Structures are given as C-alpha cells and as structure tokens.
Amino acid sequence: MNTHFLVIIWLTCGMAYTEAVNAETVFVKYRGLVELSPFKCEWITRNSDTKRLCYDSNERYVIVNLTGTYYHYCDVPSEVVTAWLHADPMNEYYNRHVRRRFDCRLSPAPTYEDKQ
C-alpha cells in the first residue's frame, strides 16, 4: 500500500477523533446534556442576561445561556433568533418574543442520539 495513502487515512481518522473528543456538551435545565456540534453558537459580549445563544436551524431549536444557566426553546423560527441576536436590549426581546412562546413541552425537543 502507498505510504502517502496511509498518511492521509491516518490524518483523516485523527481529525475525526479530535472533533469527537473536543465536542462541547452543556447541561440544559429541564433537558440534561446536549452536545453542541449541530448548533451555531454565538457568545454575547454586550451587557445582557443572554450570555450565549446556540441555534440548530435544521431543528429550529435554541439553547441559550441566561446568566449562567442553559435553557432550551423549541420550534423557534430563524427570524426570531436573528432579531434576538440584534435586539437592544436583548433581555426585553427575550421577555416579549421568546419566553413562554416556544415551550418544549408543547413542541418536543429534537433527539440527537441517532444523528451523532
């Protein structure tokens, strides 16, 4: 077998292993552990109770860090997430447009076990 070919296989397997090992998992209140690889996450640096916002557009699923605790919201349209990210103040937008509107008890949270 070609040595160059073996090196490519070794590098590919090594990168896949590194991604799996480095995958971030957070504890979401009322849900448990969720691995964030399917999500696009943004840290919020401006003065806000919203510290981090993660969105899986395929599942319309939000995980948000509010003052240190992660919560989740289900069936959230991308327009709501975009507006929330650009809102000033973010807390006011969250209270008016997200909180109590996208309850995962009404629209169940996606499962990721079979996607990993």
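As the structure is a prediction and not an experimental result, all values here were calculated from the model. Start at 1 with the first residue, then count along the sequence.
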Atom pair [atom1]/[atom2] of [X] and [Y] - distance to nearest 0.5 Å:
{"X": "Tyr94", "Y": "Arg100", "atom1": "OH", "atom2": "CZ", "result": "8.0 Å"}
{"X": "Ile63", "Y": "His72", "atom1": "CD1", "atom2": "NE2", "result": "8.0 Å"}
{"X": "Ser48", "Y": "Leu66", "atom1": "OG", "atom2": "CG", "result": "8.0 Å"}
{"X": "Asp75", "Y": "Asp103", "atom1": "CG", "atom2": "CG", "result": "11.5 Å"}
{"X": "Arg60", "Y": "Phe102", "atom1": "CZ", "atom2": "CZ", "result": "8.0 Å"}

(Q) Are Val64 and Val81 linked, directly or through intermediate hydrophobic residues, by side-chain heavy-atom contacts shorter than 4.5 Å (ILVMFWY only)? (A)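 Shared cluster, yes.
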Do Trp43 and Val34 belong to the same hydrophobic cluster, where Ile, Leu, Val, Met, Phe, Trp and Tyr are linked whenever their side-chain heavy atoms lie under 4.5 Å apart, directly or via other members?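 Yes; Val34 is reachable from Trp43 via cluster members.
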Compare every heavy atom of [Y] with every heavy atom of [X], then report the nearest pair and how far apart it is.
{"X": "Cys74", "Y": "Pro108", "result": "SG-C, 3.9 Å"}
{"X": "Thr111", "Y": "Arg31", "result": "CA-NH2, 4.1 Å"}
{"X": "Gly68", "Y": "Lys51", "result": "N-CG, 4.5 Å"}

Test item: [X] side-chain N/O and [Y] main-chain N/O as donor-acceptor pair under 3.5 Å:
{"X": "Tyr55", "Y": "Ser78", "value": "yes"}
{"X": "Asp49", "Y": "Asn91", "value": "no"}
{"X": "His97", "Y": "Tyr93", "value": "no"}

- Task: Measure up the Tyr61 and Phe39 rings against each other and bin them: parallel (under 30°), tilted (30 to 60°), perpendicular (over 60°).
- Result: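 If you compare the ring of Tyr61 with that of Phe39, the planes turn out tilted.
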For this session: Look at the rings of Tyr71 and Tyr30 and say which category their plane angle falls in: under 30° parallel, 30 to 60° tilted, over 60° perpendicular.
Result: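 Answer is tilted, since the angle falls between 30° and 60°.
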Are any of the side-chain heavy atoms of [X] and [Y] separated by less than 4.5 Å?
{"X": "Arg52", "Y": "Leu36", "value": "yes"}
{"X": "Lys40", "Y": "Ser57", "value": "no"}
{"X": "Trp84", "Y": "Thr50", "value": "yes"}

- Query: So Tyr73 and Arg101, side-chain hydrogen bond (donor to acceptor under 3.5 Å, both in side chains) or not? Walk me through it.
  - Reply: CA-CA 8 Å; Tyr73 295 92; Arg101 292 184 183 230; over 6 Å; no
Margin query: One pair to check against side chain to side chain contact (heavy atoms under 4.5 Å, CB included): Val98 and Val76. What are the steps and the verdict?
Written below: CA-CA 8 Å; Val98 178; Val76 182; 5.6 Å; no
Quiz prompt | Within 6.0 angstrom of Arg46 CZ, more than 12 heavy atoms from elsewhere | solution =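 Enclosed.
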Check against side chain to side chain contact (heavy atoms under 4.5 Å, CB included), Leu85 and Glu42: CA-CA 9 Å; Leu85 283 167; Glu42 294 193 35; 3.7 Å; yes
